[in-house]
Amino acid sequence: MITIENLTKMYGKKAATDDLSFTVPAGEVTGFLGPNGSGKSTTMRCIVGLDRPTKGQALIGGRHYSELRSPLETVGALLDAKAFHPARTARQHLTVVADTHGFPTSRIDEILDLTGLSHVANKRVKGFSLGMGQRLGIATAMLGNPEYLLLDEPVNGLDPDGVRWVRDLVKTHAKKGGTVLISSHLMSEMAMTATNLVVIGNGRLIASGPIKQFTETAGHTTVRVAGPDMAAIGETLSQLNPRLDRVDGRDTLIIDGVSAADVGRALHLAGLEIHELSTTHSSLEDVFMELTGNAVEFKAGGER
Ligand SMILES: Nc1ncnc2c1ncn2[C@@H]1O[C@H](COP(=O)(O)OP(=O)(O)OP(=O)(O)O)[C@@H](O)[C@H]1O
């Protein structure tokens, strides 16, 4: 488990994170979400000791990064996908890291293969595309076979095949008991990858918990109902919920804040025939916008 405790990081007078506390459980992929500049990278840098918290702490399995005996065998981080020596090949880059940390040479071929980089292993990094750079960053993070993975925008620049590959990779890692913290601006991707979420804004915690809690609660669910006698259906359902108000065309009703079970029961008791009864959950993007609406640092038109 990663534990963030009252983490505050000041850059001059600006608080990049502000008394931030949350946990990242083992065996899950935790999506780390927040608008631009909300403090995600700063938090990740504090976890791996690249930034020193002004107050509070970040612990990995109960220990500070600096206390880990073999850090790269415990935590793998992708924080800046371009942080490679441009004149080195992918293999040379991984060899330098493996040699400095005492990892066996055999692990280099293994990881090149795992990250789909075998065919460009001897190519200089300066000729790499953004996606290849991301793959090399992930390869570096995974070289020590760590239990904890911190990936900042890992799918940035990847093609659809690469995006799916990252998704499978982190899910497999979590399934084996690993701990994954992953940030992304692609909400649809996050919805398919993460099982747990941490949402921050302006350096503060907005919400955290299982992803289902965000999208499948009553407030984020709508029920759609249709039948031959819409007037009678509308009449019956208006008694059930005064918030019944949205009509999609003349043939369908969309109802907020009640379950499909309640709607079905009420219509059954009223003896009404129905042709459609379905539940739609809000998209993660809708929920994200709703949660972070007031915490957006940069808005179009210079609005703050
Ligand atoms: N080294 C630094 N010096 C000064 N300010 C910084 C530094 N690093 C980050 N900040 C500021 O701290 C705040 C949080 O930045 P951070 O990069 O952690 O956010 P983020 O959530 O990762 O953003 P993004 O989604 O755009 O990558 C921002 O206002 C940023 O400008």
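Read the numbers this way: they start at 1 and go in the same order the structure lists the ligands and their atoms.
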For ligand 1, which atoms have a heavy atom of [X] less than 4.0 angstrom away?
X      : value
Lys14  : 29 (O)
Lys40  : 18 (O), 19 (O), 20 (P), 21 (O), 22 (O), 23 (O), 24 (P), 25 (O)
Ser38  : 19 (O), 20 (P), 21 (O)
His185 : 25 (O)
Arg45  : 8 (N)

Are any of the N/O atoms on [X], whether in the backbone or the side chain, positioned under 3.5 angstrom from an N/O atom of ligand 1?
X      : answer
Ser41  : yes
Ala16  : no
Glu153 : no

CD/Glu285: more than 12 non-hydrogen atoms of other groups inside 6.0 Å: no
Whether over 12 other heavy atoms sit under 6.0 Å from Met192 CE: yes
Thr195 side chain to Glu28 side chain, donor-acceptor N/O pair below 3.5 angstrom: yes
With a cut-off of 3.5 Å and sequence neighbours excluded, list every side-chain donor-acceptor pair involving residues 266-275.
from   : atom 1 : to     : atom 2 : distance (Å)
Glu273 : OE2    : His275 : NE2    : 2.8

Joint cluster assignment, Met1 & Leu68, ILVMFWY side-chain distance < 4.5 Å: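 No, separate clusters.
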Six-ring centre of Phe214, Lys212 cation under 6.0 angstrom, axis tolerance 45°: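 Not flagged: Lys212 not positioned over aromatic ring of Phe214.
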Ligand 1 contact by Gly34, heavy-atom criterion under 4.0 angstrom: no
Any pair counted as salt bridge (charged side-chain N to carboxylate O under 4.0 Å, His left out), so long as it reaches residues 105-125, sequence neighbours left out: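 Pairs touching residues 105-125 that pass the test: Arg91-Asp109, Arg107-Glu110.
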